Structures are given as C-alpha cells and as structure tokens.
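Proteins get letters first, then strands, A, B, ... in listed order; numbering begins at 1 in each. Quick caveat: nothing in here was measured; it's all calculated off a predicted structure.
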Amino acid sequence: MTAVSDVTPPMVKAEGVCKNFGALKVLKGVTLEIGRGQVLVLVGPSGSGKSTFLRCINHLEQVNGGRLYVDGELIGYRERGDKLYEMPPREAAKQRREIGMVFQHFNLFPHRNALANIIEAPMQVKGVKKAAAIERAKDLLEQVGLSDKATAYPAQLSGGQQQRVAIARALAMNPKLMLFDEPTSALDPELVGEVLGVMKKLASEGMTMVVVTHEMGFAREVADQLVFMDAGVIIERGKPRELLSNPQHERTKAFLSKVM
Amino acid sequence: MSTDVSSPPASSAVIDAVPLRHPWRWVAAIVILILLGLFLYGAATNEAYGWSTFGKYILDERIVSGVWITIQLTVLSMILAIVLAVILAVMRLSPNPVFRSVSWVYLWIFRGTPVFVQLVFWGLFPTIYKNIQLGVPFGPTFFEMNIQSLSNYFLLAIIGLGLNEAAYLAEIIRAGISSVPEGQSEASTALGMSWLLTMRRTVLPQAMRVIIPPTGNEFIGQLKTTSLAVAVPFTLDLFGRQRDIASVIFQPVPLLLVAAAWYLLITSILMVGQFYLERYFSRGVSRKLTTKQLQALAEAQTFGEVGKA
C-alpha cells in the first residue's frame with residue numbers, strides 16, 4: 001500500500017512559480033506540494049498573490065516562471081526535450097475539466113436555473129446524456145442541501161444558496177481537485193456557515209482542495225496545511241494549529257493579529 | 001415573553017387610504033385631445049389629402065403585392081445581416097488578430113459609405129463582373145458562371161441591404177457581448193469549455209438581452225430602408241409601386257399616405273414580436289417572481305397558517 005502511494009505524484013506540485021502582469025511581479029517563486037486528499041488553505045493580505053496562484057493552477061493565468069504540475073502533468077505547457085511549448089487551447093481546456101473552481105462571486109449562469117447550471121458542462125463538454133446528467137445533478141443538489149431549488153434561477157437564490165449551487169456545478173465534472181477562491185467573502189455572515197459546512201463535508205470525503213479564505217476557524221478545523229503568503233512569496237507554512245497559535249514570522253504575526 | 005403571532009394587533013389591519021389624485025394629468029390629456037380633434041377635422045376636410053383616392057388604393061392589388069415584397073426584402077435581408085453580424089462581432093472579439101482585422105475592414109467600408117451608393121453598386125455588379133470563374137489564377141478554370149444573364153434585382157437588393165445592415169448590427173452585437181461580465185466566461189473556461197462553446201452557450205444568450213431592443217430598432221429601420229431598393233433598380237416593393245401609381249394619376253399625397261399607413265401597420269406588428277422576444281431573453285434577470293411562482297408561494301403560506309390553527 002505505502003509503496004504505491006510513494007510512486008504516485010502529489011496532486012499539486014509548484015516549483016518556483018512566478019507570474020507577472022507586465023512589469024508587475026505578482027508571484028515571485030512559490031514552491032509547495034499538496035498530497036492527494038489533502039486540504040491546503042492559503043491566507044494572506046489582499047494583493048499577496050494567493051488568488052493569482054490559485055488561478056495559475058487551472059491555467060486561468062499563464063505561469064511565467066517555474067513549473068506547476070497537477071497530478072504529475074505540467075500545466076499550460078508541453079515539455080519536449082528542454083524546451084517548453086505553449087499549450088493549444090483545446091488541451092488546456094482538457095486539463096481544466098478535471099479541476100473544479102469556485103469563485104468569490106459565484107459566477108453562476110444567470111440565464112439558466114440551478115439544475116441547468118449543473119448539467120451544462122457535463123453535457124456540453126463531456127457529452128454526458130441528458131438523463132444521466134440530470135440524475136447526477138439531483139444527487140449533487142441533495143448533497144449541498146438544495147433539492148427543492150432545482151428550478152430556481154440564480155437571482156432568486158440567496159448568496160449562500162448560489163455558492164452551494166456553484167460548488168455542485170463544479171463537482172458535476174467529477175474533478176480530482178477543487179479550487180476555492182474566497183468562497184465566502186461575498187456572503188452575509190449568517191450564510192457563511194452553510195457554505196463552509198458543504199466544504200467541510202467535501203474535505204471529509206477525501207477531496208483534494210486548495211482554499212483561499214479569511215475564515216481562520218475553517219482553516220484550523222479542516223486544513224492539513226496552512227500557507228501564509230505576502231507580496232508574492234510564501235512567508236510561513238505548517239500545521240494550522242501550530243501556525244495560528246505560534247507564528248514565527250513578524251509579518252504572519254501582524255496579519256493574524258488583524259484577522260483573528 | 002410569549003408573543004402571539006397568529007392574531008395580529010388592531011394596528012396592523014389592512015390600510016384603506018385615499019389614493020393620491022393627479023388633477024393636472026387630466027387637464028393635459030383633455031388639452032391634447034382637443035388639439036388632436038382639431039387636426040383630424042382639418043385633415044378630413046382638406047381636399048389635398050385625397051381620402052377617396054386613399055380608400056381606392058389602400059387595398060389595390062399592386063400595393064398589396066408591394067407590401068408582401070417589402071416584407072420579404074426586410075426579413076431576408078435581416079436574416080442575412082444577423083448571420084453575418086454575429087460572425088463579424090465574434091471575429092472582432094476573437095483572440096485571432098487576422099479575424100479582428102478582417103472584421104474591422106468590413107465595418108470600415110460598409111459603415112463608411114452610403115447605403116444608396118452600395119445599392120447602386122450592387123445593381124451594377126453583373127455589369128462590372130460579367131463572369132465568375134473558379135479556378136487557379138492564370139491556370140485552369142473549374143467552374144464558370146455568367147452572372148450578367150441572371151441579373152436578379154430582387155436578390156441584389158437583398159444582398160445590398162443585408163451586407164450594409166450587417167456592419168451596424170455587428171456593432172450592436174459586440175456591445176452586447178462586451179456587456180456580459182467577465183466572470184461568466186471565466187466560469188465557463190474553468191469548467192473546460194472552449195472559447196467557441198463559451199460564446200455560444202454562455203455569452204451570446206446573455207448578450208441577447210442587450211442586443212434585442214436595438215436590433216428591433218434596426219429591423220424597423222430596415223423595413224423603411226427597403227424603399228431605397230429603387231437604387232438597384234428594384235421597384236416592385238411598396239414604395240416603388242406607390243411611386244409608379246402616383247406618377248400615373250398625378251396624386252402623390254394620397255399614395256404616400258397609403259404607403260405610410262402600410263409601413264406603420266407592419267412596424268406595429270414588429271413591435272409586438274419584439275415585446276415577446278425581450279420577455280423571453282430577460283428570464284433569470286430579475287429577482288421578481290412570476291405570477292405562477294408567487295401563487296405557489298402564497299398557497300404554501302396559507303397552507304402553513306391553516307396547519308398551525
């Protein structure tokens with residue numbers, strides 16, 4: 001058993017990942033690893049590059065330096081010999097299919113109801129038959145506690161309900177990795193809990209997750225690894241309990257004293 | 001500390017207030033009605049309008065067939081325009097610089113020259129080009145067509161009107177596409193959808209809400225622009241027929257009124273169609289519930305109250 005898991009690559013492996021927008025350097029060499037079934041929580045002040053790093057993982061942003069692998073596969077480029085070739089859009093789309101993403105502002109399709117939002121990508125991208133897609137979507141809606149909202153349009157749902165539909169939509173593609181970009185930042189405080197609840201359940205079922213969030217309670221409870229980023233680099237990392245109760249670095253201390 | 005929810009206190013009884021009155025609206029409406037009545041009386045008694053001639057020709061066979069031709073010109077040229085415009089707008093916004101330039105040049109030429117000139121040009125097209133040959137330049141020819149022999153002014157009018165309109169519609173569609181928030185295409189991309197699929201399934205359907213009202217406008221505009229088909233020269237449409245009859249009987253005013261009445265009627269029908277299209281594409285936009293949904297919620301509420309009692 002252990003021998004097999006030693007050979008399989010980590011779900012995400014970043015080696016000195018750099019990203020700049022023009023002259024602005026947003027990521028200055030981020031190196032980390034996320035094992036299968038692990039939950040990594042990224043925290044840091046706004047502008048620290050944590051969302052950009054998340055967006056690099058599914059190639060919404062193209063990495064400028066270093067290497068980023070998901071499940072052993074280089075993201076955004078093909079490597080032949082010692083040369084890198086930009087990846088054609090079709091192959092990039094294929095890589096993204098296996099990586100689910102949840103956005104701060106949900107980004108549900110407003111012209112489709114909850115069920116249609118969920119079946120859209122499986123049917124259009126993977127060619128799943130309608131009946132099978134609907135069946136799966138109903139399961140997912142039940143998982144996120146919204147069985148009765150299948151025919152509701154996003155505008156008729158609360159923020160928390162919309163975000164749970166968005167999670168179900170991402171899960172419908174059966175991703176091996178889920179990315180959460182500040183999933184509760186746009187929600188009323190009383191609605192945060194229902195979304196975090198769904199995420200906790202997902203983590204306990206063994207989903208590999210990368211979460212950018214300011215919810216330290218969630219980080220303490222669910223994360224296997226907590227990473228503190230500032231100004232495009234990782235300042236400090238470790239088990240959430242240790243890092244939260246005993247930060248070593250001045251910048252981590254200053255940040256934590258403000259958010260906790 | 002127990003508050004009784006089921007029986008509301010007297011202060012929350014249904015309000016029965018005197019509605020706000022608007023006396024000046026009534027005054028204004030009456031003044032306008034009087035002025036309108038005076039105008040109609042003047043028009044009815046003025047011989048220059050030639051109402052008997054109007055009555056004689058409003059359902060004239062030539063006029064009615066002209067109406068039918070005008071509708072055909074409008075619909076067919078708009079179909080051509082819409083198809084072309086979607087392609088042009090998508091090209092304009094595509095990441096491919098070749099597509100972007102081609103689209104820009106098309107718009108530059110077709111928006112930058114008068115439609116009348118374009119229609120005259122399409123009328124002359126068979127004279128200018130005579131033959132269409134398909135083959136290797138300076139080499140063998142596979143296919144040859146003499147277009148002079150099949151100069152069809154109806155078809156040329158449709159092409160001329162459609163190609164010109166496409167340039168304007170492309171700008172409307174581009175504005176509609178740009179109005180869809182970036183998060184929408186990002187979410188689609190993250191789900192593994194290709195650029196084209198994202199356009200077709202996510203962006204364009206949402207852009208429709210912004211595109212439809214000005215396109216309805218363009219449709220109505222096109223209906224009237226068909227009267228310029230006379231430049232091709234194509235004269236079997238409503239305006240051409242009306243002009244032909246008027247020049248024979250020397251009574252331009254009543255026949256212009258005949259044409260105007262028909263244009264107004266068709267426009268009115270188009271406006272009804274536009275209303276339903278707009279309603280269809282605005283689904284999911286408002287948080288407002290439909291009558292059906294409200295009814296269901298109200299029923300659930302009464303059911304809950306009955307259950308409690």
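- Expressed to the nearest 0.5 Å, how far CD of B:Q184 lies from NE2 of A:H111 amounts to 7.5 Å.
- Within the 4.5 angstrom heavy-atom criterion, only side-chain atoms of A:E120, from C-beta onward, approach chain B.
- Few gaps surround CZ on A:F21; more than 12 heavy atoms of other groups in view lie less than 6.0 Å from it.
- Going from atom NZ of A:K94 over to atom OG of B:S194 covers 12.5 Å, rounded to the nearest 0.5 Å.
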Verify side chain to side chain contact (heavy atoms under 4.5 Å, CB included) between A:R112 and B:R201, making sure each step is shown before the conclusion.
-> CA-CA 10 Å; A:R112 302 187 194 285; B:R201 297 286 306 177; 3.3 Å; yes
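- Residues A:R96 and B:T189 approach most closely at CD-O, 3.1 Å, considering heavy atoms.
- Atoms OG1 and CD, from B:T202 and A:Q124 in turn, are 9.0 Å apart once rounded to the nearest 0.5 Å.
- Nearest heavy-atom pair, B:A187 versus A:F109, reported as atom, atom and distance to 0.1 Å: CB-CE2, 4.4 Å.
- Surrounding NZ of A:K138 are at most 12 heavy atoms belonging to other residues, nucleotides or ligands under 6.0 Å away.
- Only the backbone of A:L108 comes within less than 4.5 Å of a heavy atom in chain B; its side chain stays farther off.
- By a heavy-atom distance cut of under 4.5 Å, A:A93 are the residues of residues 84-93 of chain A near chain B, going up by number.
- Residue-environment remark: CD (A:E79) exceeds the threshold of 12 foreign heavy atoms within 6.0 Å.
- Heavy atoms only, all atoms of each residue included: B:L191 and A:A121 are closest at CB-CB, 3.8 Å.
- Contacts between residues 49-69 of chain A and chain B, defined by a heavy-atom separation under 4.5 Å, are made by A:R55, A:N58, A:L60.
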